[in-house]
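Below is one structure, written out as structure tokens; comments come after it.
Residue numbers count from 1 along this sequence. Just so you know, ligand 1 is whichever comes first in the structure, and atom 1 is the first atom listed for that ligand.
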Amino acid sequence: MRKKIIAGNWKMNYCVNKAEEFVSQIKDTINTDEVDVVICPNFVSLDRISDLIDGTNIKLGAQNVFYEDKGAYTGETSVNMLAAVGVNYCIVGHSERRQYFNETNEIVNKKAKKLLEKDISPIVCVGETLEEREESKMFEVVEKQVKESLNEIDKNSIENKVVIAYEPIWAIGTGKTATAEQANEMCKYIRDVISKMYDEDTAQKVRIQYGGSVKPSNANEILNMSDIDGALVGGASLTNDFVAIVNY
Ligand code: 13P
């Protein structure tokens, strides 16, 4: 039985004080062991949020990382730096990073592998554009993203550490959610790809989230689909709606 994982991707929102205030306000209501709950604030808030959720079941996630260990990489953050402040998960390959910062599957793969070296779980994002869906290329596009982003990652990591997030780009921040059936169809397809890359047992163990306009009114339906193991929540993770989604 795969445990659900619900993560809040705050993106570039909330300064440190506001981040602390918000987490203090909601933490008791999202502190559960029925699902894995992850909060992904901005880098500068990680350390303080880490202290704040210490002793709860809530996990800390980062939104990005660099794949080199250290050195002259101005503006970048290493996996060791994340580990040192208690980060458990890290989003890699979010479509916004692919779009605005030219992240390729190869870069996503390097980041995911580096995170696994330090025992941080990568949340690997994949998803097609509206144009690709309209041209019925979505399965092909997502399959390539999954294969290249997970290249050479061992079976044990896929089963126990890696989380895949299917986020159709046309559903992100648009209020336009994929139907539960569309989301489930792609999550199932991704599971089939994992089965081909590894084996059926691994495919049954890997956790696959859906992301894109998840809100309290659709969370229950989405999270009850056969192949959807959680949600990666953007806008709604910045408000009390996140509490409702965690308690779907
Ligand atoms: P929204 O929930 O705001 O659509 O964002 C989804 C997302 O990009 C989460 O990573």
Query raised in the report: Hey, is ligand 1 close enough to His94 that some N/O pair sits below 3.5 Å?
Result: yes
Under a 3.5 Å cutoff, is there a donor and acceptor pairing between the side chains of [X] and [Y]?
X: Gln25; Y: Glu21; answer: no
X: Trp170; Y: Glu128; answer: yes
X: Tyr248; Y: Glu221; answer: no
X: Thr202; Y: Asp199; answer: yes

Query raised in the report: So which bit of Ile172 gets within less than 4.0 Å of ligand 1, heavy atoms only: side chain, backbone, both or neither?
Result: both
Per-atom contacts of ligand 1 with [X], taking only distances under 4.0 Å to non-hydrogen atoms:
X: Ser213; result: 1 (P), 2 (O), 4 (O)
X: Leu232; result: 9 (C), 10 (O)
X: Asn9; result: 9 (C), 10 (O)
X: Gly212; result: 4 (O), 6 (C)

Query raised in the report: How far apart are the C-alpha atoms of Glu117 and Lys113, what are their side-chain angles, what is the distance that settles it, and do they pass the salt bridge (Lys or Arg N to Asp or Glu O under 4.0 Å) test?
Result: CA-CA 6 Å; Glu117 279 178 24; Lys113 285 199 256 193; over 6 Å; no
Query raised in the report: Restricting to pairs with a member in residues 66-95, which pass salt bridge (Lys or Arg N to Asp or Glu O under 4.0 Å), not counting sequence neighbours?
Result: Asp69-Lys114
Query - Under 3.5 Å: donor-acceptor pair, side chain of Tyr14, backbone of Leu238 - result: yes
Query raised in the report: Val37 versus Asn57: any side-chain heavy-atom pair under 4.5 Å?
Result: no
[atom]: nearest protein contact (heavy atom, Å):
atom: atom 9 (C) of ligand 1; result: Glu167 OE2, 2.8 Å
atom: atom 3 (O) of ligand 1; result: Gly235 N, 2.8 Å
atom: atom 2 (O) of ligand 1; result: Gly234 N, 2.9 Å

Requested in this report: Can you spot which of Lys205, Arg191, Lys188, Lys3 makes a salt bridge (Lys or Arg N to Asp or Glu O under 4.0 Å) with Asp229?
Outcome: Arg191
Could you establish whether [X] and ligand 1 come within less than 4.0 Å of each other, counting only heavy atoms on the residue side?
X: Gly173; result: yes
X: Lys11; result: yes
X: Ala236; result: no
X: Ala171; result: yes

